[in-house]
Amino acid sequence: MSAGQGAREEIHGCCDQRFAGLREALEVNFEERGEHGAALAVTLEGVPVVDLWGGWADAPRTRRWQRDTIVDVFSVGKPMAAICLLMLLERGEVDLDAPVALYWPEFAAAGKGATTVRMILGHRAGLPAIRHPLPPEAMYDWQGMTAALAAETPWWEPGTRHGYHVNTFGFLVGELVRRVSGEPIGRFFARMIARPLGADFQFGLAPGEHARVADFLFPEMPSFDAVFEPGMVRNAYMNPPGISGLGTVNTAPWRAAEMPSTNGHANARAVARIYSALAAGGTIDRVSLLAPATLALAASEVSSGPDALLERPSRFGLGFQLTQPERPLGPSPNAYGHFGAGGALGFADPDAGLAFAYTPNQGYGPRWQNPRNRAVIDALYDSL
């Protein structure tokens with residue numbers, strides 16, 4: 001059965017009657033927009049009002065999506081890494097305008113001595129790619145990846161423009177967290193964020209967790225050699241080979257590694273739970289992530305306009321994507337969050353007091369303006 005011509009899928013979970021339109025939109029995503037498996041969650045004023053899932057966890061349709069199914073949410077993990085660093089900022093252990101090299105001395109190489117923490121979080125550091133060819137599976141070597149980034153010459157003068165650090169952001173932020181806290185990013189995130197909130201979101205899966213992971217279905221596509229000319233963009237997506245997940249995402253080494261830009265594994269319930277704390281001003285159920293002032297800073301514009309890597313408009317705060325006309329996070333001008341591959345998305349709308357998450361495993365369709373997440377976002381705000 002071709003994409004866009006699916007049979008009616010049974011949707012499981014619960015949904016407040018006020019938000020019945022979201023269940024209908026999710027059903028239509030399966031029936032008409034080629035969805036394969038997905039979960040959808042919304043909280044309003046911290047209360048779960050939508051917790052739905054359906055479809056299949058593998059390509060041959062032998063494993064149903066279950067309540068506890070998790071999936072790679074790709075770039076939805078970037079803000080989770082940023083929250084870790086912002087927590088260290090609140091403690092006074094990190095200064096946004098201090099040189100990265102203050103905490104990571106090797107980073108000063110190749111003219112990066114003045115590059116600041118703020119530039120890293122705002123995608124302004126000029127390090128979206130590594131020039132020197134790296135071997136396959138190099139992305140599983142944290143020390144090797146961060147050493148390569150520390151030695152790298154910026155692709156532009158840091159601070160003068162911005163470009164999406166699609167696969168390097170997590171290593172840069174994660175290494176800062178490790179240098180300052182003494183803990184790997186996965187352990188810090190679990191201890192400070194995921195476990196206190198009861199959020200099933202992980203960087204680096206233990207072997208016993210792999211059985212409940214939904215396979216991510218990337219379309220077959222020509223090699224990046226055929227898509228991109230040699231240079232920054234190609235290297236950003238394919239150096240080392242497999243760093244974007246093509247051919248690697250469903251393997252045990254990928255799932256076990258800690259790559260906060262690309263391999264956070266979660267379900268929609270977990271993503272919405274974390275964003276529910278942010279939507280509530282940084283604290284929920286006596287678990288405090290960030291102070292309101294820090295959140296306001298994180299959601300303030302740091303970068304906007306033409307993106308040096310994506311070659312289209314983008315808009316960032318400190319690790320968060322901000323809503324923009326070309327890709328709105330609902331109608332609120334103050335919404336912030338992050339999209340991921342295949343239409344994955346998590347965001348907070350502090351004006352409406354809501355948190356939203358969508359975690360599919362279907363990689364087909366537009367990466368930029370995905371009609372599946374657009375449909376459920378529209379249904380959400382129609383319900384309000």
Side-chain angles (χ1 to χ4, degrees), residues 33 73-79 81-82 118-130 154-170 172-173 218-219 221-239 243-246 261-262 298-347 349 356 358 360 362-378:
R33 303 188 183 100
V73 294
F74 285 87
S75 293
V76 173
K78 287 183 172 75
R118 189 187 301 269
M119 292 176 196
I120 295 285
L121 285 168
H123 296 265
R124 305 185 69 83
L127 294 173
I130 296 169
W155 294 81
W156 63 82
E157 181 182 348
T160 60
R161 62 188 306 191
H162 79 282
Y164 187 37
H165 287 43
V166 58
N167 287 316
T168 59
F169 181 88
L172 294 166
V173 172
F218 267 130
M221 58 186 296
S223 72
F224 280 106
D225 288 333
V227 177
F228 297 118
E229 296 294 325
M232 179 180 71
V233 176
R234 183 198 287 183
N235 283 27
Y237 284 101
M238 63 172 292
N239 186 31
I243 193 171
S244 293
L246 289 168
S261 285
T262 50
S300 297
E301 184 179 281
V302 174
S303 301
S304 67
D307 188 294
L309 185 90
L310 301 175
E311 298 182 342
R312 61 182 181 234
S314 64
R315 186 167 178 252
F316 295 100
L318 296 174
F320 293 94
Q321 288 177 329
L322 306 183
T323 192
Q324 61 186 87
E326 302 86 352
R327 206 185 197 191
L329 300 171
S332 170
N334 299 312
Y336 58 93
H338 217 289
F339 290 88
L345 173 61
F347 72 86
D349 178 348
F356 170 96
Y358 193 50
Q362 172 65 277
Y364 294 79
R367 296 175 67 87
W368 166 231
Q369 294 169 321
N370 191 294
R372 298 192 299 273
N373 61 36
R374 182 80 268 137
V376 286
I377 293 171
D378 288 346

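Computation of the quantities below employed the complete heavy-atom set of this structure, encompassing side-chain atoms and omitting hydrogens, waters and symmetry-equivalent molecules. In this text, all values refer to a predicted model and were calculated from it rather than measured experimentally.
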Any residue meeting side chain to side chain donor-acceptor pair (under 3.5 Å) with S332, in chain and number order, not counting sequence neighbours: D349, D351
Find the distance between [atom1] ([X]) and [atom2] ([Y]) and round it off to the nearest 0.5 Å.
X: S261; Y: H338; atom1: OG; atom2: NE2; result: 8.5 Å
X: N373; Y: L345; atom1: CG; atom2: CG; result: 5.5 Å
X: S304; Y: L322; atom1: OG; atom2: CG; result: 9.0 Å

Quick one: closest heavy-atom pair of [X] and [Y], and the distance?
X: L309; Y: V166; result: CD2-CG1, 3.9 Å
X: P79; Y: G337; result: CG-O, 4.1 Å
X: P128; Y: A236; result: O-CB, 3.3 Å
X: G77; Y: V73; result: N-CG2, 4.4 Å
X: A308; Y: M232; result: O-CE, 3.3 Å

Side-chain donor/acceptor of [X] to backbone N/O of [Y], under 3.5 Å:
X: R372; Y: G342; answer: yes
X: T323; Y: P328; answer: no
X: N235; Y: A129; answer: no
X: R124; Y: M119; answer: no

Option among F316, F169, F320 that satisfies the side-chain contact (heavy atoms from CB on, under 4.5 Å) test with L121: F169
Pairs touching residues 156-165 that satisfy side-chain hydrogen bond (donor to acceptor under 3.5 Å, both in side chains), sequence neighbours left out: S75-Y164, K78-Y164, H162-S314
Contacts of F74 that satisfy ring-ring contact (aromatic ring centres under 6.0 Å, His included) - sequence neighbours left out: F216, F218
Close side-chain approach of I243 to T262, heavy-atom, < 4.5 Å: no
Side-chain heavy-atom pair F339, L329 within 4.5 angstrom cut-off: yes
Donor on one side chain, acceptor on other, S244 and N167, under 3.5 Å: yes
Results of salt bridge (charged side-chain N to carboxylate O under 4.0 Å, His left out) for E301 - residues two or more places apart only: R315
L246/Y237 under side-chain contact (heavy atoms from CB on, under 4.5 Å): CA gap, chis, key distance, verdict: CA-CA 10 Å; L246 289 168; Y237 284 101; over 6 Å; no
Under the side-chain contact (heavy atoms from CB on, under 4.5 Å) test, residues paired with P360 that sit two or more places apart: E35, A38, A344, Y358
side-chain contact (heavy atoms from CB on, under 4.5 Å) partners of A375, counting only residues at least two apart: N29, R33
